[in-house]
Undergrad: 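The structure under discussion is supplied below as structure tokens; questions concerning it will follow.
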Amino acid sequence: MGASIPTVKLLINGQFVESTTTQWRDVVNPATQEVLARVPFATPAEIDAAVASAKEAFKTWKKTPIGTRARIFLKLQQLIRENMGELAALLTAEQGKTLPDAEGDVFRGLEVVEHAASIGNLQLGELANNVAGGVDTYTILQPLGVCAGITPFNFPAMIPLWMFPMAIATGNTFVLKPSEQDPMVTMRLVELALEAGIPAGVLNVIHGGEDAVNAICDHKDIKAVSFVGSTKVGTHVYNRATLAGKRAQCMMGAKNHAIVMPDSNKEQTLNAIAGAAFGAAGQRCMALPVVVLVGESQQWIPELVAKAKTLKVSAGTEKGTDVGPVISCAALSRIEGLIERGIADGATLELDGRKPNVPGFEKGNFVGPTIFSNVKPGMAIYDQEIFGPVLSLVAAKDLNEAIAFINDNPNGNGTAIFTQSGAAARTFQEEIDVGQVGINVPIPVPVPLFSFTGSRASKLGDLGPYGKQVVMFYTQTKTVTARWFDDSTTSHGVNTTISL
Ligand code: NAD
């Protein structure tokens with residue numbers, strides 16, 4: 001190993017430690033191919049040590065007062081704000097997205113930290129007085145124990161922050177396994193979490209890929225697993241973790257569609273679509289890679305192409321960049337391969353973003369905005385999640401046909417309609433079978449007052465990450481039915497019926 005390249009540490013029992021593994025992977029700047037760090041694939045013994053430390057810490061953490069737990073997250077939100085510039089720069093270096101978008105990534109996670117700081121309002125039980133004579137019933141929402149999180153490469157700040165703050169604020173301890181492609185900003189956030197006061201063992205981090213994930217799914221001392229990533233891996237995690245008796249929630253892949261009605265505000269709509277299809281180089285699970293043009297809006301293709309052509313493709317650090325590199329050389333060749341297949345399958349290539357000229361960053365993994373029209377189910381560009389800046393255009397004669405088309409797609413992460421008609425918007429909201437719906441909002445990711453609510457093939461498990469739903473996920477409801485006797489209570493003798 002080159003001495004000058006830093007190594008990413010494991011976090012076990014409050015200590016950042018060097019892994020003893022022999023298996024390492026480079027963390028690479030996708031705009032330059034510079035190796036930024038090396039990340040270890042933790043050994044089974046290291047994974048066991050992380051879980052053991054979380055198990056031990058749970059004994060005291062679960063009894064720590066709500067206010068004490070919550071105040072750590074008040075401090076963490078302050079530290080994240082103070083370090084925003086550094087966090088965004090780290091994120092852009094390893095992930096590629098533009099600096100303003102990297103700040104957005106951190107900010108959307110920060111909102112969850114703020115929510116964790118008010119956890120007392122969310123973790124309240126219920127009480128029913130006098131459910132029978134002198135009997136009350138009440139619920140207690142108790143933490144589960146050791147919980148684990150497995151995160152993807154595309155939001156290396158926001159998605160870890162969906163997980164550990166809510167799990168820990170509700171009284172659990174946590175083992176996080178970040179994406180091995182870009183773990184550095186996640187580790188910086190973890191350092192800040194310790195600085196904010198998270199005690200030793202309450203938050204642990206292991207690194208790795210398939211083996212580490214399988215070890216989490218199988219580990220007898222882990223009670224719940226939150227996963228965000230592709231449908232293939234998420235389905236595997238859900239099956240394996242639930243088979244081992246764990247709670248699991250898996251937020252997975254997507255193929256989000258927007259409907260453009262001819263009465264929509266054309267300029268606003270085309271801007272929103274270009275931003276949502278090509279922003280973050282199309283590597284958002286809530287990106288808009290398919291647009292269904294209804295009726296006369298099919299005439300707007302040249303204007304959409306013209307807008308896409310104005311977007312600047314360059315490194316995320318360059319001022320004015322709209323579209324940064326994709327995460328890896330492998331991702332680039334997969335996306336380029338899918339564009340080739342789109343042409344071979346008979347879709348019309350309206351704009352070809354392959355091999356853009358990016359002065360100063362000739363080695364970067366760049367693909368520019370690409371637009372196909374006449375796209376149909378059965379074509380690889382429609383059937384697969386491309387996860388790159390490639391937009392597919394589909395035509396429909398009316399709203400009902402467009403809704404039926406979207407509902408036929410197996411994915412249910414996000415969707416949007418662009419219209420000035422309240423009636424059309426309401427029909428869409430009622431009839432569309434997708435978990436997160438935007439009305440003139442292209443990327444309707446809910447704020448943490450709500451929860452992320454993907455559905456169908458985009459989600460396994462019934463409760464979402466962050467917000468109220470995740471409090472249910474990270475707690476066990478205990479229902480207590482209680483009667484207290486005083487000296488005046490009359491004894492009715494032995495009662496062998498089921499009544500209270
Ligand atoms: P991925 O599934 O390749 O990786 C996710 C995690 O699983 C990583 O931590 C990785 O180390 C691990 N992993 C990878 N291969 C594995 C295997 N064979 N067995 C066990 N674990 C494995 O996903 P990615 O490429 O990092 O992220 C992009 C995907 O995530 C896209 O499909 C995107 O739609 C999805 N995503 C979904 C949401 C959502 O909320 N629904 C949010 C962000 C990303």
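All values below were derived from every heavy atom in this structure, side-chain atoms included, with hydrogens, water molecules and symmetry-related copies excluded. Quick note: residue numbers are just sequence positions, from 1. Counting starts at 1 for both ligands and their atoms, in listed order.
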Undergrad: Identify, for atom 35 (C) of ligand 1, the protein heavy atom at the shortest distance, and state residue, atom and that distance.
TA: G229 O, 3.1 Å
Undergrad: How many angstroms lie between atom OG of S373 and atom CG of L304, to the nearest 0.5 angstrom?
TA: 10.5 Å
Undergrad: Output the list of atoms in ligand 1 that are nearer than 4.0 Å to some heavy atom of N413, sorted by atom number.
TA: 41 (N)
Undergrad: Please report whether the ring centroid of F452 lies less than 6.0 Å from that of F473.
TA: no
Undergrad: Among all protein non-hydrogen atoms, which one is nearest to atom 7 (O) of ligand 1, and what is the separation to 0.1 Å?
TA: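 Ranking protein heavy atoms by distance from atom 7 (O) of ligand 1, first comes F227 CE1, 3.5 Å.
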Undergrad: Less than 4.0 angstrom from a charged side-chain N to a carboxylate O is my criterion; do D101 and R284 meet it?
TA: yes
Undergrad: Looking at every non-hydrogen atom in both residues, tell me the closest pair between E318 and K312 and how far apart they are.
TA: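 In this case the closest contact between E318 and K312 is CB-NZ, 4.4 Å.
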Undergrad: Of the protein's non-hydrogen atoms, which lies at the shortest distance from atom 10 (C) of ligand 1, and what is that distance?
TA: E180 OE1, 3.5 Å
Undergrad: In terms of atom number and element, which parts of ligand 1 are under 4.0 angstrom from non-hydrogen atoms of F452?
TA: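 Listed by number with element: 39 (C), 40 (O), 41 (N).
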Undergrad: Given C217, P465, C285, identify the one with the heavy atom nearest to atom 38 (C) of ligand 1.
TA: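 The option holding the nearest heavy atom is C285.
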Undergrad: Can you tell me how far the CG atom of L161 sits from the CE atom of M163, to the nearest 0.5 Å?
TA: 10.5 Å
Undergrad: Is there a donor in the side chain of Q123 and an acceptor in the side chain of T475, or the other way round, less than 3.5 Å apart?
TA: no
Undergrad: Report yes or no: does W162 have a heavy atom closer than 4.0 Å to ligand 1?
TA: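 Checking ligand 1 against W162, which is what was asked, there is a heavy-atom contact under 4.0 Å.
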Undergrad: Protein heavy-atom contact under 4.0 Å for atom 18 (N) of ligand 1?
TA: yes
Undergrad: Identify which one of K355, R354, R341 satisfies the side-chain hydrogen bond (donor to acceptor under 3.5 Å, both in side chains) criterion when paired with E336.
TA: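 The passing option is K355.
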Undergrad: Does the side chain to side chain contact (heavy atoms under 4.5 Å, CB included) test come out yes or no for F227 and L460, once each step is laid out?
TA: CA-CA 10 Å; F227 169 92; L460 283 168; over 6 Å; no
Undergrad: Give a yes or no on this: more than 12 heavy atoms of other residues, nucleotides or ligands lie within 6.0 Å of atom CD of Q15.
TA: no
Undergrad: Closest non-hydrogen protein atom to atom 31 (C) of ligand 1, residue and atom name please, with distance?
TA: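 Looking only at protein heavy atoms, the one closest to atom 31 (C) of ligand 1 is E385 OE1, 3.5 Å.
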Undergrad: Which protein heavy atom lies closest to atom 16 (C) of ligand 1, and at what distance to 0.1 Å?
TA: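 Looking at atom 16 (C) of ligand 1, the protein heavy atom closest to it is V233 CG2, 3.6 Å.
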Undergrad: Which of the atoms of ligand 1 are close to K177, meaning less than 4.0 Å from one of its heavy atoms?
TA: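 Taking each heavy atom of K177 in turn, ligand 1 has 8 (C), 9 (O), 10 (C), 11 (O) under 4.0 Å.
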Undergrad: List every atom of ligand 1 that sits less than 4.0 Å from any heavy atom of G208, numbering the atoms from 1 in the order shown and giving each element.
TA: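 Reading through ligand 1 atom by atom, the close ones are 11 (O).
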Undergrad: Using a 4.0 Å heavy-atom cut-off, say whether K232 meets ligand 1 through its side chain, its backbone, both or neither.
TA: neither
Undergrad: Atom 41 (N) of ligand 1: which protein heavy atom is closest, and how many Å away?
TA: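 The answer is M252 O, 2.8 Å.
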Undergrad: Around K307, counting heavy atoms of other residues, nucleotides and ligands shown, do more than 12 lie under 6.0 Å from its NZ?
TA: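 For K307, atom NZ is crowded (more than 12 foreign heavy atoms under 6.0 Å).
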Undergrad: Using heavy-atom distances only, which candidate in G234, G414, G435, S230 approaches atom 1 (P) of ligand 1 most closely?
TA: S230
Undergrad: Can you tell me which residue and heavy atom of the protein come closest to atom 24 (P) of ligand 1, and the distance to 0.1 Å?
TA: F153 CD2, 3.6 Å
Undergrad: Assess whether atom CZ of F450 is packed by more than 12 heavy atoms of other residues, nucleotides or ligands within 6.0 Å.
TA: no
Undergrad: Cut-off 3.5 Å, side chains only: do N411 and N413 have a donor facing an acceptor?
TA: no
Undergrad: For ligand 1, indicate whether the residue F155 contacts it via side chain, backbone, both or neither (heavy-atom separation under 4.0 Å).
TA: neither
Undergrad: Could you list the atoms of ligand 1 found under 4.0 angstrom from a heavy atom of N154?
TA: 43 (C), 44 (C)
Undergrad: Counting only heavy atoms closer than 4.0 Å, does ligand 1 sit against the backbone of I159, its side chain, both, or neither?
TA: side chain
Undergrad: Hey, looking at atom 20 (C) of ligand 1, which of V213, T151, I150, I216 has the closest heavy atom?
TA: V213
Undergrad: Measuring from L189:CG to L76:CG, what's the distance to the nearest 0.5 Å?
TA: 7.5 Å
Undergrad: Distance to 0.1 Å, residue and atom name: give those for the protein heavy atom nearest to atom 28 (C) of ligand 1.
TA: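 Closest protein heavy atom to atom 28 (C) of ligand 1: F387 CE2, 3.5 Å.
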